[in-house]
Amino acid sequence: MLDKRLYLSKMSIFEVLTPDDLAELDHISPMTHFNPIPKGSLIQTPETAKDGLFFLKEGKLRLFRTNLEGKQFTVAILGKGNVFGEIDTFSFGTKELFIETIEETLICSVPKQDFEGFLAERPLLAMKMLSELSKILKERDGMLEKIALGDVRDRILHLLLKLSERFGVEDGENVRIDLPLTHQEVANMVGATREAVSVILKTLMRENVIQTGRKSISISPVKVAEILELTYS
């Protein structure tokens with residue numbers, strides 16, 4: 001049996017809670033999934049979004065929109081400890097989005113009415129929720145801006161830079177993105193064809209901006225940032 005309190009205590013958003021608070025939250029937060037949700041599972045569409053807050057205990061999620069042609073555009077990547085969904089007090093702006101797992105994922109949900117009462121009595125937690133909301137909205141707006149203004153190459157570079165900031169592991173002078181990525185998955189994230197993405201990634205490799213392996217990508221954050229700064233300066 002999974003110890004929900006242990007998972008909850010490790011989430012940065014709940015670090016302001018006392019052991020008694022965690023015990024109460026554990027009581028009101030039923031486990032949505034006892035087993036991991038497989039990679040590549042679509043867990044929400046704009047039509048199936050439900051009220052309530054959902055806490056990501058393990059794994060990673062991709063939040064994306066689609067255009068009229070059916071192309072997907074990633075607006076955020078959530079990792080362990082992140083929150084999505086909405087209640088009356090907080091909306092994380094995820095209700096109109098598609099959400100899919102990009103790793104095996106464990107999620108815990110909190111019923112809307114129960115959590116509203118829990119939150120009302122804990123102002124420090126409310127402040128932490130506001131901080132989390134601000135970070136998610138900032139990342140989403142940044143991604144949407146690059147989708148609207150950038151070409152495919154710029155969108156790829158921006159995506160890789162954001163992923164390296166969130167899920168990066170030092171790899172010599174580069175940063176390896178700790179997330180298995182195929183060319184098709186990158187294409188889905190930036191709303192492009194796999195063929196176009198492959199050509200651009202090969203060019204970036206020749207320019208020593210990135211290095212690729214089997215489902216892995218390492219980048220030079222300095223070089224990527226310099227390219228994007230030149231583009232938008």
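For the numbers below, each heavy atom of this structure counts, side chains included, while hydrogens, waters and symmetry mates do not.
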Would you check, one step at a time, whether the test salt bridge (Lys or Arg N to Asp or Glu O under 4.0 Å) holds for Lys80 with Glu104?
CA-CA 11 Å; Lys80 181 178 179 180; Glu104 283 194 341; over 6 Å; no
Report the C-alpha distance between Gln211 and Ile217 in whole Å, list the side-chain angles of each, state the deciding distance to 0.1 Å, and finish with yes or no for side-chain contact (heavy atoms from CB on, under 4.5 Å).
CA-CA 6 Å; Gln211 295 179 350; Ile217 298 177; over 6 Å; no
What closest approach, in Å, do Glu100 and Gly40 show between heavy atoms, and which atom pair accounts for it?
OE1-O, 4.3 Å
Any side-chain heavy-atom pair from Leu179 and Ile102 closer than 4.5 angstrom?
yes
Establish whether Val175 and Ile156 are linked, either directly or via other cluster members, by ILVMFWY side-chain heavy-atom contacts under 4.5 Å.
no
Please round to the nearest 0.5 Å and tell me the distance separating atom CD1 of Ile107 and atom CD of Glu58.
11.5 Å
Minimum side-chain heavy-atom gap Lys71-Asn188 below 4.5 Å
no
Give me the atom names and distance for the closest heavy-atom approach of Val224 to Leu157.
CG1-O, 3.6 Å
Test Phe73 against Phe64 for ring pair (Phe, Tyr, Trp, His ring centres under 6.0 Å), laying out the working first.
CA-CA 5 Å; Phe73 295 93; Phe64 64 94; 9.8 Å; no
For side chain to side chain donor-acceptor pair (under 3.5 Å), just list the numbers for Arg62 and Gln72, CA-CA rounded to whole Å, side-chain angles, deciding distance to a tenth of an Å, and then say yes or no.
CA-CA 11 Å; Arg62 180 170 75 100; Gln72 301 176 4; 2.5 Å; yes
Atom pair OG1/NE2 of Thr74 and His158 - distance to nearest 0.5 Å:
11.0 Å
Looking at Glu103 and Lys39, does any basic side-chain N land under 4.0 Å from a carboxylate oxygen?
no
Ion pair present between Glu195 and Lys202, side-chain N to carboxylate O less than 4.0 angstrom?
no
Lys162 with Glu165: basic N within carboxylate O range, under 4.0 Å
yes
I'd like to check Gln44 versus Phe98 (side-chain heavy atoms, cut-off strictly below 4.5 Å). Are they in contact?
no
For the residue pair Asp151 and Asp154, what are the closest heavy atoms and their distance?
OD1-N, 2.9 Å
Does the side-chain contact (heavy atoms from CB on, under 4.5 Å) test come out yes or no for Lys60 and Thr105, once each step is laid out?
CA-CA 6 Å; Lys60 297 181 180 70; Thr105 300; 5.7 Å; no
If Ile, Leu, Val, Met, Phe, Trp and Tyr residues are connected whenever their side-chain heavy atoms lie under 4.5 Å apart, and connections chain through other members, are Val199 and Ile210 in the same group?
no
Quick one: does Glu86's side chain get under 4.5 Å of Thr94's, heavy atoms only?
no
Evaluate Val83 against Phe54 for side-chain contact (heavy atoms from CB on, under 4.5 Å), listing each step before the verdict.
CA-CA 6 Å; Val83 186; Phe54 301 86; over 6 Å; no
Could you report the tightest heavy-atom contact between Ile227 and Arg153, atom names first, then the distance?
CG2-NH1, 3.7 Å
Check whether Leu78 and Leu42 end up in the same hydrophobic cluster, where Ile, Leu, Val, Met, Phe, Trp and Tyr are linked by side-chain heavy atoms less than 4.5 Å apart.
no
What's the spacing between Met189 CE and Leu160 CG if we round to 0.5 Å?
9.5 Å
Leu161, Val222: one ILVMFWY side-chain cluster at the under-4.5 Å cut-off?
no
Hey, could you give me the CD1/CG distance between Ile77 and Leu63, rounded to the nearest 0.5 Å?
8.0 Å
So how far is it from Leu163 CG to Leu181 CG, rounded to the nearest 0.5 Å?
6.0 Å
To the nearest 0.5 Å, what is the distance between OG on Ser220 and CG on Asp171?
11.5 Å
So, does Thr45 use its side chain to make a donor-acceptor pair with the main chain of Glu47 at under 3.5 Å?
yes
More than 12 heavy atoms of other groups within 6.0 Å of Glu173 CD:
no
Can you name the closest pair of heavy atoms from Ser198 and His183 and give their distance?
OG-ND1, 2.7 Å
Non-hydrogen side-chain atoms of Leu56 and Leu61 separated by less than 4.5 Å
yes
How far apart are the C-alpha atoms of Ile219 and Val209, what are their side-chain angles, what is the distance that settles it, and do they pass the side-chain contact (heavy atoms from CB on, under 4.5 Å) test?
CA-CA 6 Å; Ile219 75 166; Val209 177; 5.9 Å; no
I need the minimum non-hydrogen distance between Glu185 and Pro180, along with the two atoms involved.
OE1-O, 3.3 Å
